[in-house]
Amino acid sequence: MRVHPDTGERGLYLGGFVRRFVGLTTTESRDVLRLLQAYVTRPENVVRVAWEPDQVVIFDNRITQHYAPDNFDGLPRRLHRVTVAGDVPVGVDGSTSRALVGDASHYVPQH
């Protein structure tokens, strides 16, 4: 769980970076994540954009998951992804997130 820094809304962080949930085994975590991902990616839970030339769409990934279905009917898809350094995620108990594995030092906060 994390708390959105601007709205205070609570959200469950999901996606490709999640490896396991605290208190669950790796297998249990994988099963729970699979169920949650199946729900999040249902068509009724996905925002669809009717793209127009020179259009820019910005998602707040602090509370939104990017998911692109592969249904482009053979048309090219070009995506330019930008990651903006931001706040350190904070849990509902006020604790800040920490990296368990890896190095994120290349994400330097902007001042």
Side-chain angles (χ1 to χ4, degrees):
M1 294 290 296
R2 77 161 293 176
V3 177
H4 192 282
D6 296 327
T7 66
E9 183 179 2
R10 294 175 176 199
L12 182 60
Y13 183 85
L14 299 172
F17 294 112
V18 174
R19 295 294 172 247
R20 63 182 288 263
F21 295 100
V22 174
L24 299 179
T25 67
T26 302
T27 301
E28 292 167 337
S29 295
R30 190 177 308 121
D31 290 344
V32 170
L33 182 60
R34 181 184 52 76
L35 287 170
L36 293 170
Q37 280 295 125
Y39 177 79
V40 168
T41 57
R42 285 183 188 169
E44 64 268 25
N45 297 327
V46 176
V47 172
R48 296 299 307 243
V49 176
W51 294 100
E52 297 180 17
D54 301 319
Q55 184 177 18
V56 174
V57 175
I58 298 173
F59 293 96
D60 181 350
N61 284 346
R62 297 174 296 178
I63 203 69
T64 305
Q65 182 183 99
H66 176 259
Y67 174 76
D70 186 14
N71 61 354
F72 305 109
D73 298 325
L75 298 173
R77 177 176 184 254
R78 183 169 53 176
L79 169 73
H80 298 282
R81 183 176 298 212
V82 176
T83 300
V84 178
D87 60 297
V88 174
V90 175
V92 295
D93 63 354
S95 63
T96 57
S97 293
R98 59 187 170 81
L100 299 177
V101 177
D103 176 18
S105 62
H106 57 282
Y107 294 110
V108 179
Q110 302 297 310
H111 298 286

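Remember, it's a predicted structure, so these values are computed and weren't measured experimentally.
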Supply the atom-to-atom distance R19 CZ to R30 CZ, rounded to the nearest 0.5 angstrom.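 Spacing of CZ (R19) from CZ (R30) equals 10.0 Å.
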
Looking at G91, is its backbone amide N or carbonyl O close enough to the side chain of S95 to form a donor-acceptor pair, meaning the two atoms are under 3.5 Å apart? no

Nearest heavy atoms of [X] and [Y], plus distance in Å:
{"X": "T41", "Y": "Q37", "answer": "OG1-O, 2.7 Å"}
{"X": "L33", "Y": "F21", "answer": "N-CE1, 4.0 Å"}
{"X": "V49", "Y": "V57", "answer": "CG1-CG2, 3.9 Å"}
{"X": "D6", "Y": "H4", "answer": "N-ND1, 3.0 Å"}

Check whether V88 and M1 end up in the same hydrophobic cluster, where Ile, Leu, Val, Met, Phe, Trp and Tyr are linked by side-chain heavy atoms less than 4.5 Å apart.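 In one cluster with V88: M1, no.
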
Tell me whether L35 is reachable from L12 by hopping between hydrophobic residues (I, L, V, M, F, W, Y) whose side-chain heavy atoms are closer than 4.5 Å. no

Tell me, yes or no, whether the heavy-atom count around Y39 atom OH, taken from other residues, nucleotides or ligands under 6.0 Å, exceeds 12. no

